[in-house]
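Okay, so here's the structure we're looking at.
Residue numbers count from 1 along this sequence. Values below: every heavy atom of this structure, side chains too, minus hydrogens, waters and symmetry copies.
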Amino acid sequence: ITVNAAVVATDLITVSAGEDGSGGFTLTLSGSLTTTGAGSDVTVSTGSGSGDLSLAGTTTALDQVLMTSSVGSINGSGLVTGNTVALTAAIGIGNATGIELSASNISADTTSGDLEIDNVLGTSVNVTSLTTGSGSIDFDQSGGGSLVTGILSATNTIDVTNSAGDVSLAGTVASSDLVVTSSGAVTDGADGDLAISGSAQLTGGSIELGNDAGNTTNFGSLTFNSAGSVNIVEDSAMLVSGPSSAGSGLDLVAADDVTLDSTVTVVGDVSIIAGTTTGGIDVNAKLNGSGAILLDAADEITIDAAIDPTT
């Protein structure tokens with residue numbers, strides 16, 4: 001099915017391509033789908049045997065936009081607007097051409113393939129689910145307002161950006177690598193769990209992760225940079241692998257060893273705590289702090305690089 005013109009309805013637009021099992025849906029640049037009534041929805045699905053979903057034109061519903069490509073992909077830069085947008089695909093969402101949304105509540109799940117979404121809404125956004133069984137996730141909140149995430153899962157890198165607000169990783173995040181960039185705070189709420197087997201690169205106005213009783217937080221390695229305070233607690237060993245900084249104090253706590261393999265620069269006090277029964281501290285790169293520096297370990301503390309000003 002190809003839509004080349006404006007389609008408008010009050011309550012509901014339903015498009016089911018591939019009723020025989022094969023068939024895709026294309027919304028061209030000159031086409032659009034719009035519902036105008038309160039609580040109105042747009043639903044689009046493709047064939048059960050074959051069929052991709054391509055969005056060049058705009059899609060607008062006052063309540064829900066539901067799009068499903070059960071064996072194909074969803075791609076296209078046509079703006080999709082709704083209170084809730086739910087995207088489901090088999091081999092990628094935005095993997096060829098990134099998806100553009102303006103939505104308050106978002107879920108996007110693909111069996112395999114990459115996922116790329118830009119959301120331009122100017123108010124708070126709740127992302128309930130972004131998942132891929134094999135691929136990476138790139139989510140960019142560019143409209144402003146805070147961003148709260150639920151389930152984020154990928155085999156490769158998860159990259160989350162909010163250029164004009166906070167990021168709360170309040171659900172579960174699991175991937176090989178994690179990149180979070182926020183103009184505001186980076187937090188994980190009371191129950192957020194982070195399981196990152198590789199590197200985590202965190203940038204925010206402040207960073208506070210793993211410090212609540214309900215958190216489980218594990219990184220393979222860690223790099224952090226913040227104009228404000230940084231407070232990170234890991235339930236395993238901690239490795240700071242990249243140049244890191246905190247503009248208003250630093251607190252690092254690990255259940256086991258803490259290793260600094262890259263320069264750490266802090267305005268304010270520094271506190272690094274390693275383990276309660278086991279766990280040492282290895283300082284292998286320069287540690288700079290403008291205030292007091294506290295190193296507290298259950299096991300040995302090894303200093304192989306300069307510490308400034310005090311220990």
Under the side chain to side chain contact (heavy atoms under 4.5 Å, CB included) criterion, do Phe219 and Leu209 qualify, and how do the steps go?
-> CA-CA 11 Å; Phe219 304 118; Leu209 299 172; 4.2 Å; yes
Can you name the side chain to side chain contact (heavy atoms under 4.5 Å, CB included) partners of [X], sequence neighbours left out?
X	value
Ala108	Leu87, Ile93, Leu115, Ile117, Leu130
Ala297	Ala274, Ile281, Ile301
Asp11	none
Asp63	Asp41, Asn83

Mind checking side-chain hydrogen bond (donor to acceptor under 3.5 Å, both in side chains) for [X] and listing every partner two or more places apart, or none if nothing turns up?
X	answer
Thr81	none
Asp296	none
Glu100	none
Thr43	Thr14

Search all heavy atoms of [X] against all heavy atoms of [Y] and return the closest pair with its distance.
X	Y	result
Ala61	Gln64	CB-O, 3.4 Å
Ala285	Ser262	CB-C, 3.2 Å
Val125	Thr123	CG2-O, 3.3 Å
Phe224	Val264	CZ-CG1, 4.2 Å
Ser226	Gly204	OG-O, 2.9 Å
Ser70	Ser48	OG-CA, 3.5 Å

Do [X] and [Y] share a hydrophobic cluster, counting only Ile, Leu, Val, Met, Phe, Trp and Tyr and linking them when any side-chain heavy atoms are less than 4.5 Å apart?
X	Y	result
Leu66	Ile74	no
Leu62	Val42	no
Leu29	Val44	no
Leu252	Leu295	yes
Ile207	Val179	no

Donor-acceptor check, side chain of [X] to backbone of [Y], threshold 3.5 angstrom: yes or no?
X	Y	result
Ser153	Val173	no
Ser168	Val148	no
Ser182	Gly184	yes
Asp269	Ala292	yes
Asp261	Val240	no
Ser30	Asn4	yes
Ser183	Gly165	yes
Asn215	Thr217	no
Thr26	Thr28	no
Ser241	Leu239	no

For Leu79, look at atom CG and say whether over 12 heavy atoms of other residues, nucleotides or ligands are found less than 6.0 Å away.
-> yes
Please determine which of Ile232, Thr181, Val230 meets the side chain to side chain contact (heavy atoms under 4.5 Å, CB included) test together with Leu202.
-> Ile232
Does the side chain of [Y] come within less than 4.5 Å of [X]'s, by heavy atoms?
X	Y	answer
Met238	Thr259	no
Asp282	Val258	no
Asn156	Ile137	no
Met67	Leu55	yes
Thr59	Leu27	yes
Leu169	Val180	yes
Thr36	Val8	yes

What residues join Val233 in its hydrophobic cluster, counting side-chain heavy atom gaps under 4.5 Å, either direct or through other members?
-> Val253, Ile273
Return each pair, listed once, that meets side-chain hydrogen bond (donor to acceptor under 3.5 Å, both in side chains) where at least one residue sits in residues 139-150; pairs must be two or more places apart or across chains.
-> Asp118-Ser142, Asn119-Gln141, Ser124-Ser146
Does any pair with a residue in residues 125-135 pass side-chain hydrogen bond (donor to acceptor under 3.5 Å, both in side chains), and if so which ones, sequence neighbours excluded?
-> Asp109-Ser129, Asp109-Thr131
Apply side chain to side chain donor-acceptor pair (under 3.5 Å) to the pair Asp299 and Thr278, showing each step before the final yes or no.
-> CA-CA 6 Å; Asp299 291 330; Thr278 62; 5.0 Å; no
Do Thr157 and Asp159 have a side chain donor and acceptor closer than 3.5 Å?
-> no
Which is it for Ser136 and Asp114 under the side chain to side chain contact (heavy atoms under 4.5 Å, CB included) test, yes or no, and what are the steps along the way?
-> CA-CA 5 Å; Ser136 61; Asp114 295 337; 3.2 Å; yes
Stepwise side chain to side chain contact (heavy atoms under 4.5 Å, CB included) test for Phe139 and Leu147 = CA-CA 11 Å; Phe139 185 89; Leu147 171 64; 3.9 Å; yes
Which donor-acceptor pairs under 3.5 Å do side chains of residues 187-199 form with protein atoms, sequence neighbours excluded?
from, atom 1, to, atom 2, distance (Å)
Asp188, OD2, Gly210, N, 2.7
Asp193, OD1, Thr216, N, 2.8
Ser199, OG, Asp177, OD1, 3.1

Stepwise, does the side chain to side chain donor-acceptor pair (under 3.5 Å) test hold for Ser229 with Ser248?
-> CA-CA 4 Å; Ser229 61; Ser248 183; 5.6 Å; no
Residue that, paired with Ser245, satisfies side chain to side chain donor-acceptor pair (under 3.5 Å) out of Asn288, Asn225, Thr263, Thr223 | Asn225
Could you walk me through whether Leu260 and Ile272 pass side chain to side chain contact (heavy atoms under 4.5 Å, CB included), step by step?
-> CA-CA 10 Å; Leu260 305 184; Ile272 300 176; 4.0 Å; yes
